[in-house]
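Okay, structure first, notes after.
Lettering of chains follows the sequences in order, A, B, ..., and the numbering in each one begins at 1.
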Amino acid sequence: MTLPPIFSDSSSDDLLAGLNPEQARAVEYRGPALLIVAGAGSGKTRVLTHRIASLIRSREAWPSQILAITFTNKAAAEMRERVEQLLGQAAEGMWISTFHSACVRILRREAERFGYVKSFTIYDSADSRALLKRIIKDLDLDHLGLTPAGTASRISKLKNELTDVDAFARSASANDPREQAFLEVFRRYSKELARAHAFDFDDLIGQVVFLFRAFPEVAALYQRRFRHILVDEYQDTNHAQYALIRELTRPVEPEVVAAATFEYAPREVAEDGSIPGAGLTVVGDSDQSIYAFRGADIRNITEFERDYPGAEVVMLEQNYRSTQNILSAANAVISNNFDRKAKNLWTGLGEGEKIVGFTGYSGHDEARFIADEIEDLHRDGVGYKDMAVFYRTNAQTRALEEIFIREAIPYRVLGGTKFYERAEIKDAIAYLITVANPFDEYALRRILNSPKRGIGPMTEAQLAAFAEGQEISFRDAMRRAAELGYGPKVRGSILTLSGILDHATSMALTAEGQKPTAVSDILNYILTETGYLDILRASKDPQDEARAENVDELLAVTREFSRNNPESGLVDFLTEVSLVAAADDLDDTSGTVSLMTLHTAKGLEYRAVFITGVEEGLLPHQMSADEAGGPSEERRLFYVGITRAREKLFLSLAMTRAQYGEISVALPSRFLQEIPPELISWKQSPGMVTSREGTQPRALNAQRGGPGGGHGGYSRRSNEPSSSSVGFRGGSSAAVSEPASGNMTSSLQKWREAKRAKAAAQRSGGESAFPNTILGSVQDNGDLELAAGDRVEHSDYGPGVVSAVTGVGTKRIAHVDFEEVGPKKILIKIAPITKVSTDSDGTDSDGTDSDGIGSGSTEASADAES
DNA sequence: TCGAAAGCCATTTTT
DNA sequence: TGGCTTTCGA
């Protein structure tokens with residue numbers, strides 16, 4: 001690689017070139033602790049990489065004395081690359097990785113100190129949950145409201161606080177049966193993990209902290225090694241991670257220095273014989289803290305100056321990413337969080353285009369809008385890879401994907417149902433784990449009968465009992481299956497599998513100094529010998545074909561891995577696989593639109609960003625409503641989403657959304673109203689979609705008839721001038737339980753009156769007829785029963801007679817002949833209608849089943865998803 | 001032991 | 001809506 005001359009200059013000046021004064025200070029400051037408060041898009045990665053390069057170039061640290069912690073592996077790789085670019089050489093020996101990867105590295109080295117094999121298994125959350133499920137079932141404790149997910153999250157929280165079982169047992173109240181039941185599960189869980197030589201995600205951090213505390217001489221190895229520690233996204237660290245950093249930056253006591261034998265040349269030793277603690281740099285932005293649910297403690301960053309007295313603080317407030325309009329929206333939104341330190345991002349990039357808003361009738365409608373805009377942008381020269389679509393929940397991808405496929409828009413979903421979560425992939429991985437870590441009985445049991453080889457639950461239980469009785473491992477029990485008096489078929493199955501595993505294990509063994517066997521060879525051997533692939537391929541289940549392809553894909557992944565890391569073997573592969581993050585499989589060269597959750601979006605940026613589902617109940621999410629700090633965190637999440645956009649930002653929502661096969665109705669998010677209206681140009685505003693009045697506001701996403709009936713805390717703002725000037729707050733409530741019996745003439749008059757009033761209001765309102773506020777709301781008719789002959793009144797179309805009803809459940813569609821506008825089809829559940837009278841003389845409908853396609857008269861609100 | 005059918009249930013974000 | 005578990009029959 002040829003570098004411009006400036007990069008080979010040994011002076012540090014070029015590292016400051018192009019930086020603003022604050023950034024430069026953050027690069028140059030030398031002292032024990034530095035906090036960089038980096039607003040969104042303020043160039044923190046640049047500052048961090050330049051700082052590392054500066055430390056190395058000035059000889060204040062060797063690359064191997066640098067530890068940089070990032071949030072994802074991708075960010076780590078990128079940072080490494082950028083530092084190497086700055087230095088013009090490979091900066092070998094730098095540890096740039098995530099918390100989890102760094103801890104695994106330490107644990108693998110030190111595992112044997114506390115009785116674990118080096119090849120311990122890493123349990124992801126799904127594995128943990130599966131284990132807990134089993135334990136709860138075994139202990140027969142599910143009646144006390146103990147769910148796998150619930151206990152998993154509670155255990156995770158405890159571990160994040162560095163509370164292990166014993167510590168918890170001390171504080172648990174002895175006379176609360178539920179507490180005791182949980183303790184029992186927790187204890188068993190810890191025991192099973194240890195037995196399987198496995199760590200869960202939280203252990204990876206916590207165990208390192210315990211290790212350091214229990215073995216000061218081990219801690220000293222790392223305290224001595226790392227002279228500078230840099231932590232990115234510090235606002236999302238939890239207590240365990242905080243403690244880990246504290247341990248790593250602790251000075252090494254003189255007596256430990258004296259007693260230790262270090263394998264590297266010692267770092268400088270102070271006069272008193274100690275080794276000073278490492279310098280710490282943390283970077284973060286409390287406005288972007290979005291992982292409190294996972295135990296992140298915002299105080300780690302807000303109280304940094306207290307934790308590290310004398311720490312220098314640098315504020316980066318100039319944004320280099322977004323246009324002013326986008327930034328103003330972001331600032332306006334986040335300023336609604338009361339408990340934050342004021343901070344104002346500014347940009348020199350100019351005003352830019354307005355934010356585009358869109359309100360769809362349904363999730364599909366919204367998706368179609370997005371697809372159209374993406375195509376427009378693409379025609380205007382914006383590459384697909386420069387666009388991203390964000391959503392709050394993974395379930396929202398479905399509608400988007402359907403449209404994207406139909407419109408042939410290349411896209412890629414990050415995270416979500418991950419490749420490694422598929423059953424066939426988990427099976428294959430379980431085989432590899434069984435080979436790597438013979439203690440992991442759960443992996444072994446998973447593949448015992450997969451592919452089907454006639455070893456059912458009965459046989460499995462017998463083997464387990466035999467193993468326990470003989471005090472041997474499950475694996476040994478399999479080897480001695482002949483002693484169990486099975487029929488020839490079962491015995492043969494067990495022994496064959498056992499033999500395959502033994503051989504695979506011998507393949508994986510590598511002599512000292514020898515290159516490890518390629519993972520692909522091991523996997524290929526297993527898949528061939530067990531017939532796993534052949535059986536999938538021969539299956540008549542059409543899904544098995546896809547499964548076989550997935551397994552092939554995994555084989556390709558292993559080959560790729562061996563090619564890229566010829567020095568790495570089976571265990572390294574398994575480690576990498578367990579620690580992939582959603583954002584890691586982002587490929588910048590892919591040329592596809594990226595779809596991801598708002599959480600995954602953190603740290604990324606795109607020229608054009610679509611934030612979808614900006615609705616009450618979704619963003620902010622329902623679940624966050626009664627969590628302490630929940631609404632604030634949701635707002636930060638929205639803020640993170642907004643600030644990912646460089647040039648174009650689209651905010652969209654849907655008035656109805658298919659959820660669990662039901663259609664539910666939503667209100668626009670409160671966050672929308674926090675954005676100054678002049679920043680948004682609505683292609684279709686909520687007001688345009690719900691341009692009707694006189695219906696009961698009702699947030700369908702809120703629990704119907706639920707406690708409080710508070711509609712998810714949404715405070716309606718329909719008393720604002722724009723909507724009250726409509727002047728029609730009709731008494732025609734949507735309370736369908738009391739069908740208004742009325743005479744037609746007067747209701748028609750009333751309707752015309754209302755229509756005039758509304759039109760007048762819109763004329764006088766001009767542009768602001770569709771401001772960024774919410775007019776009315778979508779009506780929910782619940783289970784309104786309609787039949788042919790019924791008279792209804794529609795707030796836009798006026799009175800009409802039902803000619804037929806088709807569809808079922810929430811998707812029932814009424815075919816109505818309106819007096820004013822003729823025949824229309826409307827979705828009963830959400831149409832702004834009221835039943836006026838029931839068909840009394842049994843008028844039968846004609847053309848009962850004329851389908852809506854092609855008739856062109858299907859009202860938009862009937863455009864519901866199926 | 002296994003497959004199909006039927007009910008049931010949950011649905012936030014993730015290293 | 002669909003993924004998952006349970007149930008039932010072979």
Quiz item: More 5' along DNA chain B: A:Gly456 or A:Arg129, using each one's nearest nucleotide?
Solution: A:Gly456
Quiz prompt | Check: B:dT15 base within 3.5 Å donor-acceptor of A:Ser125 side chain | solution = yes
Quiz item: Quick one: side-chain contact (heavy atoms from CB on, under 4.5 Å) partners of A:Ser578, sequence neighbours excluded?
Solution: A:Ile122
N/O contacts under 3.5 Å, protein versus nucleotides 3-10 of chain C?
from, atom 1, to, atom 2, distance (Å)
C:dT5, OP1, A:Lys133, NZ, 2.8

Practice problem: Would you mind reporting whether A:Phe212 and A:Ile106 have side-chain heavy atoms less than 4.5 Å apart? | Solution: yes
Quiz item: Can you find a side chain N or O atom of A:Ser101 that sits less than 4.0 Å from OP1 or OP2 on B:dT15?
Solution: no
Exercise. Could you pick out which residue, A:Arg453 or A:Arg294, lies toward the 5' side of DNA chain B when each is mapped onto its nearest nucleotide?
Key: A:Arg453
Practice problem: For A:Asn449, answer base if it contacts any base atom (sugar-phosphate contacts may also be present), sugar-phosphate if it contacts only those atoms, and nothing otherwise; contact means non-hydrogen atoms under 4.0 Å. | Solution: sugar-phosphate
Exercise. For the pair A:Tyr411 and A:Glu401, evaluate side-chain hydrogen bond (donor to acceptor under 3.5 Å, both in side chains) and give the outcome as yes or no after the intermediate values.
Key: CA-CA 8 Å; A:Tyr411 72 94; A:Glu401 285 195 75; 2.6 Å; yes
Quiz item: When we call it a touch if two heavy atoms are under 4.0 Å apart, what does A:Tyr291 touch: a base, just sugar-phosphate, or nothing?
Solution: sugar-phosphate
Quiz item: Between A:Arg670 and A:Glu616, is the closest basic N to carboxylate O distance under 4.0 Å?
Solution: yes
Quiz prompt | Reported CG-to-CG distance for the pair A:Asn238 and A:Asp202, which is rounded to 0.5 angstrom | solution = 7.5 Å
Quiz prompt | P gap between C:dC4 and B:dT13, integer Å | solution = 15 Å
Quiz item: Tell me, do A:Gln235 and A:Asn300 make a side-chain contact under 4.5 Å, heavy atoms counted?
Solution: no
Quiz item: What integer distance in Å separates A:Leu604:CG from B:dT14:C1'?
Solution: 14 Å
Quiz item: Do the two ring centres, one from A:Phe199 and one from A:Tyr116, sit under 6.0 Å apart?
Solution: yes
Practice problem: Please check if the distance between the ring centroids of A:Phe71 and A:Tyr291 is under 6.0 Å. | Solution: yes
Exercise. Using the P atoms only, state how far C:dT6 lies from B:dT11, rounded to an integer number of Å.
Key: 16 Å
Identify all pairs in which a protein N or O lies below 3.5 Å from an N or O of nucleotides 7-12 of chain B, and state each distance.
from, atom 1, to, atom 2, distance (Å)
B:dT11, N1, A:Tyr660, OH, 3.3
B:dT12, O4', A:His621, NE2, 3.4
B:dT12, O2, A:Arg392, NH1, 3.0
B:dT12, O2, A:Arg392, NH2, 2.4
B:dT12, O4, A:Glu627, OE2, 2.4

Exercise. Would you mind reading off the distance between A:Glu633 atom CD and B:dT14 atom C1', rounded to a whole angstrom?
Key: 12 Å
Practice problem: Using a strict cut-off of less than 4.0 Å between a Lys/Arg side-chain nitrogen and an Asp/Glu carboxylate oxygen, indicate whether A:Glu615 and A:Arg392 qualify as a salt bridge. | Solution: no
